[in-house]
Every structure is written in structure tokens, then in C-alpha cells.
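All remarks here apply to the structure that follows.
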Amino acid sequence: MTEDFYPRILVFCCNWCSYAGADLAGVSRIQYPATGRIIRGMCSGRVDPTLIADAFIYGADGFLILGCHFGDCHYIDGNYKAQEKIDMAHEALVYAGLNPDRLEFNQASAAEGQRFADLNTEFHERIQKLGPLGSADKYPLPELTERLKIAQKALAGPKLRWVVGKKSVFTNGGNKYGEVFTQHEINRTLSGIIIDEMATHSIIAALEKKPAAVKDLAKELEIPPPDTLKYVLALNRRGFVEMDGVEGTSPMYKYKGEQS
Amino acid sequence: MAEQKVLVMGGGVAGIKAALEEAAAGNKVYLTEHFPGIGGERIPQDRIITDGDAFAVPDLAAIKENDNIEVLTNGDVQALVGENGQYKVKVHCRTPRVHTEKDNLVNAIRVCPIHMYDDYNEGLEWRTAVDFFNSAWGGYNLYKEDMPVCQRTCPINLDIRTYVGQIADGKYAESLATIRKKLPFPLSIGRVCPHPCEGECNRGYMDEPISICFLKRYVADVEINSNVEPKIQVPDETYPEKIAIIGGGPSGLTCAYHLALLGYSNNITVFEALPEPGGMFRVGIPEYRLPKAILAKDIEFITKHGVEIKCGVRIGKDITFDDIKSDYDAVLLAIGAHKGMSMRVKNEEAEGCFEGVKYLRDAGLGNEIPNKGTCIVVGGGNVAMDVARTSLRVGFDQVNLLYRRTRKEMPASPWEVDAAEEEGVAFHFLVAPQEVVVKDGKAVGMKCLKMELGEPDASGRRKPVPIEGSEFVMDSDTVFAAIGQVTDNSLVDEKFGFKFGRKLNFEVNPRTFETNVEGVFASGDAATGANIAVRACAGGKTAAESIHKYLRGMK
Amino acid sequence: MYIYEKKGRYIIGFQDIPSARAEMPEISVKERQGNFKEVETGFPEDVAVAEAKRCLSCRRCLGCALCWAECKPEAIDFEMPDEDFDLTIDKVVLTSGMQRKIAPIAGNYGNKHMNVVTDLQVERMLADTGPSNGLIYRPQDGEIPKKIAFVQTFGSVDDKIRDATLIFGINEAIIAQKKIDGAEISFISPDMDALKTSAAGSDLDKVSGVNFVNGTVVEAAEAGENKDIEVKYEANGSEKIETFDLVVLLTQPQLPPSIEDAAKMVGVEVNYASFLGKPGELVETDKPGAVLAQNV
Ligand SMILES: Cc1cc2nc3c(=O)[nH]c(=O)nc-3n(C[C@H](O)[C@H](O)[C@H](O)COP(=O)(O)OP(=O)(O)OC[C@H]3O[C@@H](n4cnc5c(N)ncnc54)[C@H](O)[C@@H]3O)c2cc1C
Ligand code: SF4
Ligand code: SF4
Ligand code: FES
């Protein structure tokens, strides 16, 4: 990438460790690139997945989230929760087309001014190499943003929010029936829900614009036609979508809205 | 007529109609249905339809209104005894886990993150894990399976989803512990199991099934390769009763292992007729598929649980069954099926003719065996493959395998057949042996008849029929018969009155593995007829649980 | 049993799992000669882990309680127990259920072709409580098919069952023909001539718009971008190839194990044909108190 690309980077710091680390780096006059704009919050556990999506929807080229080291979180397990949520957001955004290197979760303590500076430098260099949002990603800009918005809807929905919150419960204590999940299974389950939710929300978004036939939806959204059909039928069954006449050989479906 | 009570099985159109008719006649009706809902319009199959009668629609409203009809959805009839209009019925209804009267559940189906196969619509659409069965009846239900399909298909119900997931997580020791909760033979079963579970694995519908069996072998191998001593955990307090297990094969040893876990450690004695324990694992399955040293590790793990194995003691000869029965509080017969079945051809007693299983046993124990010239193996099962592949290894120049039908009908596992072929076994399909050709009292060949496949019968299988005048003789120095095994049940006296099945196996209660003689149980090949090893293990596990219940006076 | 669980089974195409099944490494045939060395050598670690990651971790309800949180209090009850009923009964009525066996066609083993469906699936499509408001559609892309073939793939069966199965399919063809403008429907069965001459087939000549073929289907292959189905069949001594939008397999009815078991427990001998013959009636058996509800 050209040298004159000046990336827009967001850096989230939690109040108790990484922000103090930033402070120390400043007080100690350690040099690091000034591309990162620091946002201070109470704890990395407060970074909501939809906010991560927002960062990129509003054009950030990179998002670095810094919390306390594991075990040192002021709220005990805030950064473990953060890890789970950020992992999920990462997966959904990457599925939508974002370059995986644009989002990172890392840790720095209040005493690690140097580490804070190093992490920022590395992240800056990485983003500088990638170039602006839309250039090293699966889709170019206006399209990528559209897809990220779908991902945001999926992340805002109850399914992902709820299940990601159950991650450690399921792998330690067990679910409602007392069955303990393997890490593999809970990851599979979350990936499955992400894929489902992305497909469902993109179908809803398309049908909100105008009624469509399954085969055209499939082509437009790049979802295999048999799967598209099943998603549409599932929406129909749950009362979100209904059939709206037949054109030629194609049954047309339209969005009904939230009412039941 | 006084009011009768009527059970209608099946909530389809015919069942609903019958229920309404019976109720109209003043009877009390119970309508059972396996699925969570009843109904479903049907297209008639008795007449060609005309306008207006396209579907037979069940009258669900009438069923809902009728107080004399009780609908038992999610229900399975478990027992139905009696006759001549007096029946006692046990119906088990799985819980729906929902109260539809408290909410219409619309939100539930909108948020549930799980998509699954919709039985009602033949898989044409998805339903969520909490959903209605069909829109006309409702029938809301929370779909919770008792176990995934792979686990249900596994005879011993191994928790495959968990142990495979643990391997994916890199937790090998935990994975092995999950397996050993049920199966003490991970090294052996992981090598030889024909893995029925993989045939049902859902991944197979997408591309190919998960390699469930070899993954089990992998975690078991990790333990021996890293020289970790497996942890042995048995209850500190043990029960005083003594248990005799006759037969040290997979079934007997699995039973012993589970009895030890249940609290009979150090009170379990396994009697094994042969000089080495392991049953068919040791003397049937050849070394190149299951090395003896590997098997020994599994057996060592079991004996460390306080299980004593007395080898070289044949019950019925060295000790009588009577003595065992009076000296021990409970007895398990796990003697397998070791007697080869007869080919029912002329001269099969001639010198140079052998039972395949006996040949493998001698090979496994290091006894002298024939190994020169040409041999014929008769049979198409896994035992025949083992005999053929072993024969090639011990030195026969030419191994000819004869099978009555075609390759497609062979009961042997396809990978075994492929391996045998690769190694050089010559297959002769559609050939039926007629008579052993004898010269100077010794077998020199086999007279055979060529067959062809006839018309398919009702089950769709095409039966081989002989081609007339197609006899020919195949030269051979040795003939092996590998066409099935039966149980040698001569160790028990007639006076006990044991009942035997078609394969001379002990007849048992299929749920408890109890024989008709009190305190005597039977499992494995001795109860099921020759079968697969993991089913023998499963039988041993169930028998252990039944013995425990029997000894503790629980019914 | 339910072979079509496959096609409808909800399996997500995860992106990060290797799709090919791991192969067990073996020593060569040469190395095996004259010795008893173990043939299979076991997976290396990376292969084992990759293989394990292919597992879909099949589970229906997760037990996540999201539904419970979204519904009115106590509408979902995870602790609700199973129920057992002990009943005393004077009479038991058995029905045939709807279980069917599928005989696959060459070219479609494993039933992978989306546009090959069963007669039961078509019944659901045509029904009002089905997934599609009574429309018949192609599972591949949801389009309404114009050219449809009904084909019989199973071999010979009991005459009564044969007639019932064929008439079931013919009725579906008649309904489909009425619902779809300009539909071209073929009905290919090796037993067509036999049906025509039997009593059950006496109304056949009143059916219009369905092309009945006495023939045998040899193969079904997917063709073209739309995944239409190319059917190869033999009729009148010659082989024909024709392309259809949708192919419907006629399936062979069977009794579900629950009914077979119940019949055994009562002591009556039944097969599917015992439920045919007197449509809609209750037929006594030789055991008093055991009755068969005939199919409609
Ligand atoms: C050649 C061959 C290959 C096979 N390959 C496979 C395979 O690849 N995969 C698979 O799953 N299954 C295979 N099987 C089947 C499997 O080995 C058996 O199902 C299983 O071993 C049965 O276990 P069991 O404990 O019931 O009986 P067995 O394993 O037969 O054990 C019974 C034991 O009882 C002993 N015994 C018998 N009578 C007496 C007595 N009177 N007193 C004391 N002891 C006695 C016997 O010596 C024997 O050790 C194979 C079987 C054979 C014969
Ligand atoms: S993918 Fe196969 S092995 Fe894994 S849980 Fe499903 S059925 Fe079992
Ligand atoms: S049905 Fe099961 S998986 Fe679905 S929301 Fe309820 S608890 Fe979760
Ligand atoms: S307070 Fe720093 S991560 Fe929670």
C-alpha cells in the first residue's frame, strides 16, 4: 500500500489496565503511530458485538480492543466474556466479507507502557499493509458495508446473543438438561447460527425491498438455491414471509413484517 | 352392550376415523401416536379420484371435542398382553415439555436457534427444536433427542459426539475416559469394529461419515504410546457376593469390568478354557488386524480392576457347571460360538478339510497348521476373509475363495474384501461346492456347480439357482469351511432345562440377558449367535447391570 | 427406514472443516507378505484432529432456554416428566401407518439429486397443511415444474400393494395436472399393463393428460445448470432418454415396527396388504378384540 495511506484505527481500552498502560506509554514518551483513536470504557467485557460491526460500518480500517490480562480483569471475568463475544463478532464479520486481520483483541497491563506502544505499532503496520476498508476484503466498499449491516442485524438478534452467553455454562456446568458440551460443539453451534442468521437476515432485507422468487434471491445473495428455499419456507412457517402469487413458473414471496 | 375400552394405534386418517366410530358407539377410546401430533390429509389409494374428493381429510375438530377420546401423542405401546378381548396395555408417552395452555409459543419458534428435519412434511422444510407438529392439530413439542443417531446405532451406545469433540479439542485423555465409561476395549474395538455407527452418521448425508472407529483407536494409541498408566477407579466398598464368568472373550471381560465398577472388585472370577484370554479377539481375529500385544493392554486394564482370569480351565471338563453354580452367587455364560457349521457336502470329514475357525484358533495359538500348496475357502463372510488372508500369509501358493452369490451379496465388510483381493486371494463368485473330491482318504479338490441369479423374490433379493450340467472340479490340497459358527453348549447338563435358539445359543430375556435358569445369565455370541464384538461387549455390560440388580434384590 | 432424512437433514456447510474423510494409512501389500505385521498403522495426530473436527455434533434442542425466556412463564418446562399409562382394554384397533421403503435408481444412490422426490413428499406438497400452500415445487429452486415423471423403482410386490401404490401415485398425477397449467406428466411403471387389466385400474381410461408408459426406469442423472433430471427408461423394447423438471419415486409401503410388534403381541399375522381391500372399514381378525382399520 502507498505510504500516504493514513489508516483510521479505533483502539478500545478498558479503564483499569490498558488505558493506564496507554497513559504510562505517554508519560514515558514512548513513540508509536498516532493513527489509533483511543476510546475508554470500563471493561473490555462491555464491547458489544454490534458496536464492533458499527466501527466498520462507519468506515474504520481497523479495530484493536485491549483489555486486562486474563485473570486480572477488574470485574473478574469481563475479559473472558469479551473474548467469547469478540470471537463471535469476528466470525460473523469475516463471514460477511471483512478481512480477518482488521479486528484484534489483545491485553496490556497498567505497567506495560512499552507493550501498549508495540501492540499499536504492529496493528498500525498491519492495517497500513491491508490498505483502506474494502481493499483487502472480500467485497469492495458499498457492497461490503451492506453485508456488514446484515452481520450487525444477526449479531443484534437474540439467538447469537443468548447462545454466546451460554458458552462457558455449556462447556462447564452443562445445559438445561445437564449435558456438558465440548468446545468443538459449542463453536460448531455458533458457526451454524451465524450462517443461518446471515442468510435469514439477507433474505429479509431483500424481500423488504420487493417480492422475489427463490431462484432470483439465491442468485442475488449467493446462497445455494435449495438452502434459500428452505430459509424462505422457514420464514413462511414462522409468519415473517408469505407467498404472493405466481409469476410464470415462480412462486413469489413477500415480507410480512414483524406482526404475527 | 356395555361401554368398552378401545385402543387405537396410529393417528392417521384411518385411526382417527376408527376412533370417532368407536366413540360414537359409546366406547372409551385411547388413540396412541408415536409422533407429537395426529392428522394429515391423505390421498386415497383405493380408487382413482374424481373432482372434489382429492384428499381424505381427518376430522380433527371432532376428535378435540369428543370427551370419550383420549389422545396419547408422543406415545409408544410398550407391552400388550392378554387375549380374547382382555388386554393389558402399557403406553409410554415422552414428555412434550411445553404447556400450550400458558402461551401460544409463537415467540418460541421465532427465536429457537435450531433448525431440524420436519417429519411431518417429509423433510421438505425445517422446523425449529420447539415447534408445532402440523398446523391443523398443533402438537407443540420440544424436540430433544435422547442421543444422536451415531450413539443410538452403536450397540453399546458410546457417547461418540463427546469423545470425538474432545479429540477436536485436543483432550485425548478425557476422550479415552469417555469411551471407557462404557467400553473397556478401546484399542481392540478401535481396530476391528465394523462400525455400524458410521453407516448412520449424519455427515454421511453431506459427504462421507466421520471415521468414528479409527478415532477411538487413535486416542487409545495415544495412551500406550505416551506410556501413561491409565487411572483405575473402583469403589472402595465392595459387596461380598462372588460371581463366576465362564468365557474370557469380549463379552465376559466387559461384564467383569462393569461388575468391578459396580462394586464387585476382587470377587469376580473369569474361567477361560484356552491358555490365553481374549476369546475371538485372541484366537479368531488374526494378528495382522489386531496384534496380540495390543489386545494384552486392554486385558491388563480390565484385570487391574480386580478381575481374576483363570486360563486353561474348561467348565464342563475341568470343573463341572454344577460346582460353579453352587459355589458362586451368580453365573454368566459368555462362551461365544466356536463350533464351525457344516457345509453339508459329501466327504467333508476327509483329511485335509478344516473348520475355518479352528484353523484360525490354531494359527492364533501358534499350533501346527497346514500351510502348503493350494487351498479353497468356502464362504463369503468376514471369517472367510480372515481365513483366506491368513492362508496367504502362512505360505499357501494359491488361495481360492468360493461364494454362492455375487460380490454384492457378500456379508463380509467391503474393505475386508478389497484387502483380500489386493493381497492376492482369487475370488470365485456364483460357485456352489457339491462334494469334496477324495483320493486315498485325502482331499484333493472340490466338485462345484456354477450358479446364476434368478428372479428377485418378494424381498427384492435374487436367489442363486444352479446352472444344469455346469459341474467342474477345482483342485486343492486343503479345504476350509467358513460358513458360520454355532455355540458349543455341551457344558450345561440337560437337567437345568436351558432353552436354546437356532444357533444353539442360550435363549435370554433380550433386556436383561437372564436365561430361564435363576441366577444364570448369558451374553455375547453365546446369546445372540455369531455377531460383532462390540455387540458382545454391550451384552456383557447389560448382563453386569442385571447381575447387580439380581444380587441386590432390585427388580 | 427414513432414507429421505438425508436430503432434508439440516446440515450446515461449515467453511472451515475439511470435507474429505481421512484415510487410514496401511503398509503395502508387499510388506504384508509372509508375515503378520499389523496392516493399518493408525492416524497421525494432525489427521485425527482434522477428522474429529468434521463431526457435526448433532443435537436437536440445545437446552439453551431461549424459548423459555421468550415465552410466558412456565410455558416451557424442561423438567416435565414422561408419562406412563397402564390401561385395560377390551379391543385393540391397528392401523397401517405411513412408512415407506425407497428403492433407489442407478445414478441417484444416496438420493443426492434434489429434484428427485418421493410420492409421500408430493402428497405433503399438495396438501393444505403442507409447506407450500398446496403447490408442487422443485426442492432445488422452488420453481413449479412443468414436466413431471412418476416412476416405479421397486420390484414386484403383492398385487394389492402394487395397485394401491400405483393408484396413490396416479391420484397425485391427476391433482398435479389440475394445479399446473400446461403440465406434461408421464407415469412410468413396469406394472402399468397389469394394472390396466386389473379391477382396480378400470377407471384408468377416464384419466386425461397423463401419459402412462409400461416401462422400466434404468437411470436418473442430473442435467444442466437447473439440475433437471435426465431419465433413461426402457419401454416397448427400446431405450429412451427424456429430461424432466421433477421426478417422483413411487415408494413401497411397509408396516412400521410398532404395529408389527403389536400384532405379534396380540397374535395376529398382518402385512401391509391386510389393511387394503375394504377402504375405511373396521375388519375383524381371527383374534376376538383385535381389529384392523383399513386405509382410506
Ligand atoms: C475369525 C473371526 C473374525 C472376526 N472378526 C471380527 C471383526 O473384525 N470385528 C468384529 O466386531 N467382530 C469380529 N468377529 C466376531 C467377534 O470376535 C465375536 O462377536 C466376539 O468375540 C464374541 O465375543 P464373546 O465374548 O461372546 O465370545 P468369544 O470371543 O468367542 O469368547 C468366548 C470365550 O469363552 C471360552 N469358552 C468357551 N467354552 C468354554 C468353557 N466351557 N469353559 C471356559 N471357557 C470357555 C472360549 O475359549 C472363548 O475364549 C470375528 C469372529 C471371528 C470368528
Ligand atoms: S456428525 Fe456423525 S459422528 Fe458426529 S454427532 Fe453427528 S452422527 Fe455422530
Ligand atoms: S427449543 Fe431448545 S434449542 Fe430451541 S430455544 Fe428452546 S431450549 Fe433453545
Ligand atoms: S477491566 Fe480490564 S478487561 Fe475487564
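Residue numbering restarts at 1 for every chain, and letters A, B, ... go by the order of the sequence lines. Quick caveat, the model's predicted, so the values are computed rather than measured.
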- request: Select one option (side chain, backbone, both, neither) describing which atoms of C/D128 are under 4.5 Å from chain B's heavy atoms.
  value: both
- prompt: Measuring heavy-atom distances to chain C, does B/E33 have an atom under 4.5 Å in its side chain, in its backbone, in both, or in neither?
  reply: neither
message: Could you check whether B/E422 pairs with C/R32 (Lys NZ or Arg NE/NH1/NH2 to Asp/Glu carboxylate O, under 4.0 Å)?
response: yes
field: Partner chain B: residue of C/A293, C/C58, C/P44, C/G63 with the largest heavy-atom pair count (under 4.5 Å)
entry: C/C58
field: Pairing of B/D46 and C/K278 as salt bridge, 4.0 angstrom limit
entry: no
query: At a heavy-atom separation under 4.5 Å, does B/Y172 approach chain C through its side chain, its backbone, both, or neither?
result: side chain
query: Quick one: what part of B/V13 sits under 4.5 Å from any heavy atom of chain C, side chain, backbone, both or neither?
result: side chain
- prompt: By a 4.5 Å heavy-atom criterion (distance strictly below it), what part of B/D76 contacts chain C: side chain, backbone, both, or neither?
  reply: neither
message: With a 4.5 angstrom heavy-atom cut-off, is it the side chain or the backbone of B/V81 that approaches chain C, or both, or neither?
response: neither
- prompt: So, does C/E40 use its side chain to make a donor-acceptor pair with the main chain of B/R289 at under 3.5 Å?
  reply: no
statement: Tightest non-hydrogen contact, residues C/R21 and B/P209, listed as NH1-O, 3.0 Å
query: Is the backbone of C/D90 close enough, under 3.5 Å, to the side chain of B/Q86 for a donor and an acceptor to pair up by distance?
result: no
- prompt: Does a side-chain N-to-carboxylate-O contact under 4.0 Å join C/E38 and B/R191?
  reply: yes
task: Could you go through the side-chain hydrogen bond (donor to acceptor under 3.5 Å, both in side chains) check for B/Q45 and C/T165 one step at a time?
output: CA-CA 7 Å; B/Q45 38 181 321; C/T165 318; 5.8 Å; no
message: Do the side chains of C/E123 and B/R42 get close enough for a salt bridge, i.e. N-O under 4.0 angstrom?
response: yes
- request: Would you confirm whether C/N171, through its side chain, and B/P44, through its main-chain N or O, come within 3.5 Å as a donor-acceptor pair?
  value: yes
field: Under 4.5 Å from a heavy atom of chain C, the part of B/T390 involved
entry: both
- prompt: Does the distance from a Lys or Arg side-chain N to an Asp or Glu carboxylate O, for B/E122 and C/R124, drop under 4.0 Å?
  reply: no
statement: When the 4.5 angstrom heavy-atom criterion is applied to C/L204 and chain B, the contacting part is both
- prompt: So, for C/R54 and B/E208, which heavy atoms are closest and what is the spacing to 0.1 Å?
  reply: NH2-O, 2.6 Å
Interface moiety of B/E21 toward chain C, non-hydrogen atoms closer than 4.5 Å: side chain
- request: Please look at B/Y163 and chain C and tell me whether the side chain, the backbone, both or neither of the residue comes under 4.5 angstrom of a heavy atom of that chain.
  value: neither
query: Taking the six-membered ring for Trp, are B/F214 and C/F43 parallel (under 30°), tilted (30 to 60°) or perpendicular (over 60°)?
result: perpendicular
field: Electrostatic pair B/K90:C/D86 at N-O distance under 4.0 angstrom
entry: yes
field: Under 4.5 Å from a heavy atom of chain C, the part of B/R389 involved
entry: side chain
task: Verify the neighbour count for atom CD of C/E79: are there more than 12 heavy atoms of other residues, nucleotides or ligands below 6.0 Å?
output: no
query: Would you say C/T95's side chain and B/M9's backbone share a donor-acceptor pair under 3.5 angstrom?
result: yes
